[in-house]
2 protein chains.
Amino acid sequence: MSYVDIIEIGSGCCYGFDVLDHTQTVRIDARATSPIVATPRAGLPPQRATLADVARLAGVSAKTVSRVMSDDAKVSAQTRERVLLSAKRLRFRPNQLARGLRRGGVSNTVAFVIGDLHNPFYMSTAAGVERELAERGLTMILATTDDSPGSEAVVVDALLAQRVRALLIVPIAEDQSYLEGERQLGTAVVSVDRPANNLVSDSVVLQNREGTAAAVKSLLAIGHRRIGFVCSPRQLYTHQERLLGYRHALLEAGITDSVRWERLEEIDGPSTEESIRDLLAMDEPPTAIITGNNRASAGAVRELLTRRRDIAFIGFDDFELADALGISVIAYDAMELGRQAARLALARLDDPTGPPRAISIPTWLVPRGSGEIPPS
Amino acid sequence: MSYVDIIEIGSGCCYGFDVLDHTQTVRIDARATSPIVATPRAGLPPQRATLADVARLAGVSAKTVSRVMSDDAKVSAQTRERVLLSAKRLRFRPNQLARGLRRGGVSNTVAFVIGDLHNPFYMSTAAGVERELAERGLTMILATTDDSPGSEAVVVDALLAQRVRALLIVPIAEDQSYLEGERQLGTAVVSVDRPANNLVSDSVVLQNREGTAAAVKSLLAIGHRRIGFVCSPRQLYTHQERLLGYRHALLEAGITDSVRWERLEEIDGPSTEESIRDLLAMDEPPTAIITGNNRASAGAVRELLTRRRDIAFIGFDDFELADALGISVIAYDAMELGRQAARLALARLDDPTGPPRAISIPTWLVPRGSGEIPPS
DNA sequence: CTGTTAGCGCGTTCAT
DNA sequence: ATGAACGCGCTAACAG
């Protein structure tokens, strides 16, 4: 048996209405001197209506139809009505490809390039992007690099060939200078979540340092002195910022040997669970642990929730069920990240020469219990 | 202070090159009668290079360049080299819009219309769609209806105006007959997760009944007789199928009054938590509960995990942390759902007149503990 | 193997 | 207020 069940419904002739009927239909087309049969090959669908088709039916010129479709004011209400009626009859739909081509060769799509579709954080961001774009009649294309630095340029290349108006990108490759040319050609480029490398561009990032610093301070306030930091492999920038916030807050409190409790995982290195076990097996184990991203938080939940409920725990990135499980987190508005990114792109399209702007999105601590456990 | 921090980096003149320069530069273009001047910076033209530009630089005709770019075999290795070199120099990128327009007025994008970007289930499906499309050089456009039946037609309309090659849609409106015309015009339509209403189309759905039936049977096998079913509002079809599987399995075991333990939530009705409390407050409360989707599962986790660990619980849809929390679920390969949907669309493009196909994706029970709790 | 001509569907320019 | 001609960038259909 095959992996999936496939069922054919009915026979060919039952699919939709009989296509043979169609071949008898006549396309409204002045270019034809005699009534033409819709398709030479049986089974091919009829053609889409064009501006010219609508114009003919309405008895006006193509340009007039164009004006009506573009909401150009200079059309009499009477002809406008006639045109709209004809358009509706023919199920006319302006071809955005042709429109874009004529208007400078660009589409009305914006690309958002992320590393991984499964990360809920990116999804909320994408939702924000989409909503913001929709208000301007733009469509979002979501593309992924599969978190592989090598595929970034390939993916971006395909998108640029589509003539996306703007490129919102979570940089993954080590160098984005290849986008400089595109930027000059009028494509708005916005780096999201991390700044681009070797490329001056608008950007939106989180207040990462502030987030971990707030978590550390909160833990210090209830008496913790040995605080661990565990982070799954993600990207240098986010890692480092969050680490810096952690270190800085500890230094401010006079704790200078925090490096002992730092566990920054490499790809293919030990898992979060292993890192945490490692930390807790130390001579002077931490009494509290901060995780640097949602993946590490999942690992921490697995390791701590069931066995060590005496260890305080705060995770970066909010997640579903965190409230149900009583996990304190450093949260932020991921959707706002997307909205702001889209807004930067739109502003850039309106003003290609203005100075680049960097927006940072606030982060805050959400106490839910796990972060309020005192040192034992 | 505003909600976000905005920082302007540097002054205007530092952002890329000065646009005033631009107006002085002359585009590399034979149509220009005056001597051709390259751009002041790096020799890059401010305009995008076109086929004609490349052709001129390579000393061939536009068509030859076209052939090279389309990997048309009938070009000598020598001219091919020259063309490729010129293309690289000018950073030429074929305009997919123009290409699509010429080749029948369609783009090379495929739309996937879902209800909600936040649902991880759809995200995995989208990942499957994207991967499958990428192999054919197609791009995915992800659009959302915000789970609002009214916006479906609006969203779809915008996508059709983009001339997407195919439309993969999770139907939300009560009627998809408006797509019949588009199908006939050659747009492949595939309904995902639910069959379309009043429209004959290819479709991919889950084996919903089999999933709940398996869960019920597993619970019956360890002695449960009173089994509850709770489902958050989603869509009639999925609801009903899962409910039918549940009822059928109970009937087979001779349990005919299961309707007492069914809680099918309406929008704005009681929450899952309330439904569960309601069930457990009955005279003869269920000893096991099945949730019909991931949202209901989240509610059940909130309600059961902390207080009532004596109640067996199986959720439909797998979710992150389900393993860490020991939650038994009815799982399936969400990505495969997307892959199959994309494959159906591609097959439909190749053969517009074949019979419609319906694919169903297997579901299976993943025992992790919560579903193996015996009746108390 | 390569070039020429024409036109995809639409919007711009200029005319009326 | 409306229309005719032209061209956006590219490729199909024919040349040669």
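Naming: A, B, ... by sequence-line order, numbering from 1 per chain.
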> Calculate the interatomic distance between Asp53(A) atom CG and dG9(C) atom P; express it in whole Å.
8 Å
> Would you check if there is a donor-acceptor pair between the side chains of Ser76(B) and Thr79(B) at a distance under 3.5 Å?
yes
> Given that Arg103(B) and Arg99(A) both sit by DNA chain C, which one's nearest nucleotide is further toward the 5' end?
Arg103(B)
> What's the CZ-P distance between Arg48(B) and dG9(D), to the nearest Å?
11 Å
> Toward the 5' end of DNA chain C, which comes first, Leu101(B) or Thr79(B), by nearest nucleotide?
Thr79(B)
> Taking atom CZ as the centre, does Arg93(B) end up with more than 12 heavy-atom neighbours from other residues, nucleotides or ligands that are less than 6.0 angstrom away?
yes
> Measure from the side chain of Arg102(B), starting at C-beta and using heavy atoms only, and say which of dT2(C), dC10(C), dG7(C) lies closest.
dG7(C)
> Could you give the CG-to-C1' distance, from Leu185(B) to dG9(C), as a whole number of Å?
15 Å
> OP1 or OP2 of dC10(D) sitting under 4.0 Å from any side-chain N/O of Ser66(B)?
no
> Quick one: is Ser76(A) getting a side-chain N or O under 4.0 Å of the dT2(D) phosphate, OP1 or OP2?
yes
> Let's see if you can work this out: which of dT11(D), dT2(D), dG11(C) has an atom nearest to the side-chain heavy atoms of Leu51(A)?
dG11(C)
> Between Arg67(B) and Leu97(B), which is nearer to the 5' end of DNA chain D once each is assigned its nearest nucleotide?
Leu97(B)
> Atom CD of Gln96(A) to atom P of dG11(C): distance rounded to whole Å?
8 Å
> Check the distance between dT13(C)'s P and Lys63(A)'s NZ and give it to me in whole angstrom.
10 Å
> Can you find a side chain N or O atom of Ser61(A) that sits less than 4.0 Å from OP1 or OP2 on dA4(D)?
no
> With respect to the phosphate group of dG3(C), does any side-chain polar atom (N or O) of Thr64(B) fall under 4.0 Å of OP1 or OP2?
yes
> Would you kindly compare Gly59(A) and Asn95(B) by the position of their nearest DNA chain D nucleotide and give the one closer to the 5′ end?
Gly59(A)
> It should be established whether Ser70(B) places a side-chain nitrogen or oxygen under 4.0 Å from OP1 or OP2 of nucleotide dT11(D).
yes
> Among side-chain atoms of Gln176(A) and Glu152(A), is any donor-acceptor pair under 3.5 angstrom?
yes
> Ignoring the backbone of Lys74(B), work out which of dC1(C), dC10(C), dA12(D) is nearest its side chain.
dC1(C)
> Is the shortest side-chain N to carboxylate O distance from Arg339(B) to Glu135(B) below 4.0 Å?
yes
> Roughly how many Å is it from CE in Met69(A) to C1' in dC10(C), rounded to a whole number?
12 Å
> Any chance the side chains of Gln47(B) and Asp53(B) put a donor and an acceptor closer than 3.5 Å?
no
